[in-house]
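Here the structure is laid out as structure tokens; the discussion comes afterwards.
Since the structure is predicted, the reported quantities are computational estimates derived from the model, not experimental observations. The chains referred to below are lettered A, B, ... by the order of the sequence lines, with proteins before strands, and numbering in each begins at 1.
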There are 2 protein chains.
Amino acid sequence: MLDTLDRRILDLYQRDTRTPAEQIGAQVGLSAAAVQRRLKRLRETGVIVAETAQLDCRQLGLTFTAIVHVDLIDESAPQTLAFQRRMKERPEVQQVYGVAGAVDYVLVVVATGLPAYEAFCEACLLHDPNVRSFTTHVVLDAARRAGPLAIPAG
Amino acid sequence: MLDTLDRRILDLYQRDTRTPAEQIGAQVGLSAAAVQRRLKRLRETGVIVAETAQLDCRQLGLTFTAIVHVDLIDESAPQTLAFQRRMKERPEVQQVYGVAGAVDYVLVVVATGLPAYEAFCEACLLHDPNVRSFTTHVVLDAARRAGPLAIPAG
DNA sequence: AATGAAATTTATGCCGG
DNA sequence: CCGGCATAAATTTCATT
């Protein structure tokens with residue numbers, strides 16, 4: 001499904017989607033049109049999920065980030081899916097991971113400050129009858145956020 | 001620094017950087033040129049940190065994701081910065097968060113499978129004399145990964 | 001399936017308001 | 001700082017190999 005050329009293109013493209021196709025082509029030994037055609041196919045087949053901009057949280061006034069561990073009471077599929085859906089609806093919730101083990105969910109939550117985070121907890125976690133407990137890890141330094149993936153050779 | 005128009009543009013643009021400036025302009029009541037001008041300034045001032053592509057880990061053969069908690073022995077600035085730097089160099093490490101409390105670092109690690117993850121632990125955590133302990137939370141479902149930020153009104 | 005050129009779309013630069 | 005126009009660049013399409 002993905003040949004070596006695709007992987008090399010993705011490796012370059014994912015870091016900066018504004019890189020012109022011609023420049024990518026020069027690096028991988030392909031014409032600009034060929035690179036474009038492959039990128040189009042990679043979008044259509046869902047290998048490229050989205051092309052997004054990463055913003056500076058501080059300059060936006062989003063000064064508070066936390067890693068939140070959530071332990072659910074009812075871990076059945078309908079209940080966990082419902083929890084997931086509620087989390088995804090919240091703008092504060094940037095990432096949602098369902099994990100194995102003692103903790104059921106790990107969230108990355110971004111807010112304008114501690115009061116806004118507390119409001120989120122009040123609205124989403126504290127009153128949820130299916131949330132047994134949750135632990136907040138306040139982020140002091142987000143050294144690397146959503147960096148590029150290492151493309152394996154395949 | 002950021003007016004309401006900037007925020008509305010960012011809100012649209014960050015979700016899909018391929019949205020034409022003219023289409024964004026139509027939504028916020030600005031010409032395409034004005035939107036481009038603002039985007040350019042937002043890039044130059046670092047509000048837009050990067051424009052990247054989000055890829056499908058499964059289709060790339062990256063089937064293993066884990067949230068890893070790391071407890072360091074020496075938490076002094078030079079030591080923690082050195083740890084951070086080492087982590088950022090590893091292609092498996094997608095995100096690095098320094099957090100307050102009992103745990104010192106939270107990592108999001110992506111690998112081709114459990115063996116590759118074990119190799120990462122062996123190379124980076126197990127033999128590091130400054131790593132007191134680490135806990136692996138295997139991710140079963142990454143429901144939302146690095147989604148768009150909620151732009152506050154400012 | 002890739003290339004090269006043509007056609008279309010999108011972005012950038014400049015000027016007048 | 002905006003809009004409009006001219007220019008430049010990038011993407012897409014198409015014919016060819």
Within residues 26-45 of chain A, which residues have any heavy atom lying less than 4.0 Å from an atom of DNA chain C? A/Leu30, A/Ser31, A/Ala34, A/Arg37, A/Arg38
Find out whether B/Ile67 and A/Val99 are in side-chain contact, i.e. whether some heavy atom of one side chain is under 4.5 Å from a heavy atom of the other. yes
When you compare the side chain of B/Asp71 with that of B/Val103, does any pair of heavy atoms fall below 4.5 Å? no
Considering only NZ, NE, NH1 and NH2 on the basic side and carboxylate oxygens on the acidic side, decide whether A/Asp3 and A/Arg38 come within less than 4.0 Å. yes
Starting at atom CG of B/Leu2, determine the distance to atom P of D/dC1, rounded to an integer number of angstrom. 13 Å
Is the closest basic N to carboxylate O distance between A/Asp74 and A/Arg132 below 4.0 Å? no
Are more than 12 heavy atoms from other residues, nucleotides or ligands located less than 6.0 Å from atom CD of B/Gln79? yes
Taking DNA chain C as the partner, which of residues 5-13 of chain B come within under 4.0 angstrom of it by heavy atom? none
Between B/Ile48 and A/Ala53 the two heavy atoms that sit nearest each other are CG2-CB, 4.3 Å
With respect to the phosphate group of C/dT12, does any side-chain polar atom (N or O) of A/Arg18 fall under 4.0 Å of OP1 or OP2? yes
With sequence neighbours left out, write down each residue that passes side chain to side chain contact (heavy atoms under 4.5 Å, CB included) with A/Asp56, or none if nothing qualifies. A/Arg58, A/Gln59, B/Val49
Can you say whether the rings of B/His137 and A/His69 are parallel (under 30°), tilted (30 to 60°) or perpendicular (over 60°)? perpendicular
